[in-house]
Amino acid sequence: MSGARTTAVACKQFVAPGGHLRSGNYIIIIENGIVTGIIEGENEQTKSADQHYSAELVTPGFIDIHNHGFGGASDLVDFWKHPEYSQNIFPKLGVTSFLATMVYPKDSKAAGTEETIMKIESIVGKTDGIGAVCEGINGEGPIVNDFGGLPESDKEMAIPEFQALLDKMPSCKIMTISPHVDKKSGYQRIKLLLERGIVPSLGHDRVATDEEILGALRLAPSTQFHITHLCNVCNFHHRTPSLVNFGLTEEFPQIPEYNGLEKPPSIEIIGDLRHVHPLTISAILKARHFSNIAFISDCTAESKPGQKVHYNNREMQVSDDGKCLYVSGTDTLAGSCCSVMDAFKSLIDVFKVNVAEAAAMVSETPARIAKLDHIGKIEVGKRADLLLFDDKVTLQKTMVAGKVVYSK
């Protein structure tokens, strides 16, 4: 070893890349916040480490690629102006990295959209010990056809204005866009996303047709698109396919209309068992490979039953069981109050998914979807974002870049 401070994490099991569980007496070596070795059994190198930790199970840190924040302001659209509030909460939920999910209210100046973007951009990639690391922005809109619980945005935003918005968000990794709306422009906005390496996430579109969706996918036949919170604010029909049909497809059928398309879109599922019924989740888990499914929180508030918050000046209320946020006085869902840790536990306990594949759906898969190549796996060269669990799969410690940021 060099003169840098080193950490050794001993474990009986760890989740290896590809959703594989390795069992034995393993030691993960960390140097300067990076995994530099994975060794079976002790040796002089591991004994000489400056710090030692142990766990029954080690998984990669969880990555929430769709999260609006937990609080820090009186209005939800302002949550990411105060990111430290959420960054401090994430580690106890096993989240080591996240994409700050942005919405774009029609009156963006009044909503302070540019100020929020500037704040997020100022913290991207910083591992300064505050807590979880912001890896960039997930833009939920503005080009969406059906708003659901979102504030109304300028879904017909002119191309120059849309381009200017993207210019302000160099860290944008994913953006939700409606194929039904963007087809009217010849998919110019989706083309801009592809040119910038931003993952187009088709969603918030209940009326998108097979032709409109295929038109988007054919812009880049070898590129894997994404679908925003499958089953929510999008539709399924057994004869006239829409977004949910595409989200249930692991391989395109061998018929002419799908020729040349290589990869059906990856998908994300809100894991609170309320936005998507357990029967439906069970069917999705059978239909898609775990490497194409990311479980997300779509968090919009802390889990405080009955709490009222504002969302672009509309009143919202947390459900009595603390699981979801609703537009007050309606049955319109406006996000979840659960975490990806809740989804991880449900995958194991409710859906009987093995622990390694469950972990992959909240770490390796979301990292791949969002093109976050430096995290999501326990592998030499990756940032040492690790979760240390006991034999009951209860979180004991959360490490970001090799530093403990949460300890039970």
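By convention here, the first residue in the shown sequence is residue 1. All of these numbers come straight from a predicted model, not from anything done at the bench. All values below were derived from every heavy atom in this structure, side-chain atoms included, with hydrogens, water molecules and symmetry-related copies excluded.
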Judged by modelled atom types alone, do [X] and [Y] share a side-chain donor-acceptor pair under 3.5 Å?
X	Y	result
N245	S242	no
T6	E31	no
T101	E140	no
S178	N145	no
R383	S97	yes

(request) Can you label the angle between the F62 ring and the F389 ring as parallel, tilted or perpendicular, going by 30° and 60°? (result)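 If you compare the ring of F62 with that of F389, the planes turn out tilted.
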(request) May I ask you to decide if the ring planes of F98 and W80 are parallel, tilted or perpendicular, using 30° and 60° as cut-offs? (result)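 Ring orientation of F98 relative to W80: parallel.
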(request) Find out whether L248 and F236 are in side-chain contact, i.e. whether some heavy atom of one side chain is under 4.5 Å from a heavy atom of the other. (result)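 Side-chain contact under 4.5 Å: yes.
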(request) Report yes if the side chains of K286 and E250 come closer than 4.5 Å at any heavy-atom pair, otherwise no. (result)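 No, too far: nothing below the 4.5 Å cut-off.
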(request) Take E262 and S222, measure what side-chain hydrogen bond (donor to acceptor under 3.5 Å, both in side chains) needs, and give me the verdict at the end. (result) CA-CA 5 Å; E262 294 184 13; S222 61; 4.8 Å; no
(message) ring pair (Phe, Tyr, Trp, His ring centres under 6.0 Å), that's the test. Do H229 and H275 meet it? Break it down for me.
(response) CA-CA 9 Å; H229 45 52; H275 277 77; 7.6 Å; no
(request) Salt-bridge test for D210 and R239: reply yes if a basic N is under 4.0 Å from a carboxylate O, no otherwise. (result)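 No, no charged N to carboxylate O under 4.0 Å.
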(request) Check step by step if ring pair (Phe, Tyr, Trp, His ring centres under 6.0 Å) holds for F90 and Y406. (result) CA-CA 9 Å; F90 277 128; Y406 166 76; over 10 Å; no
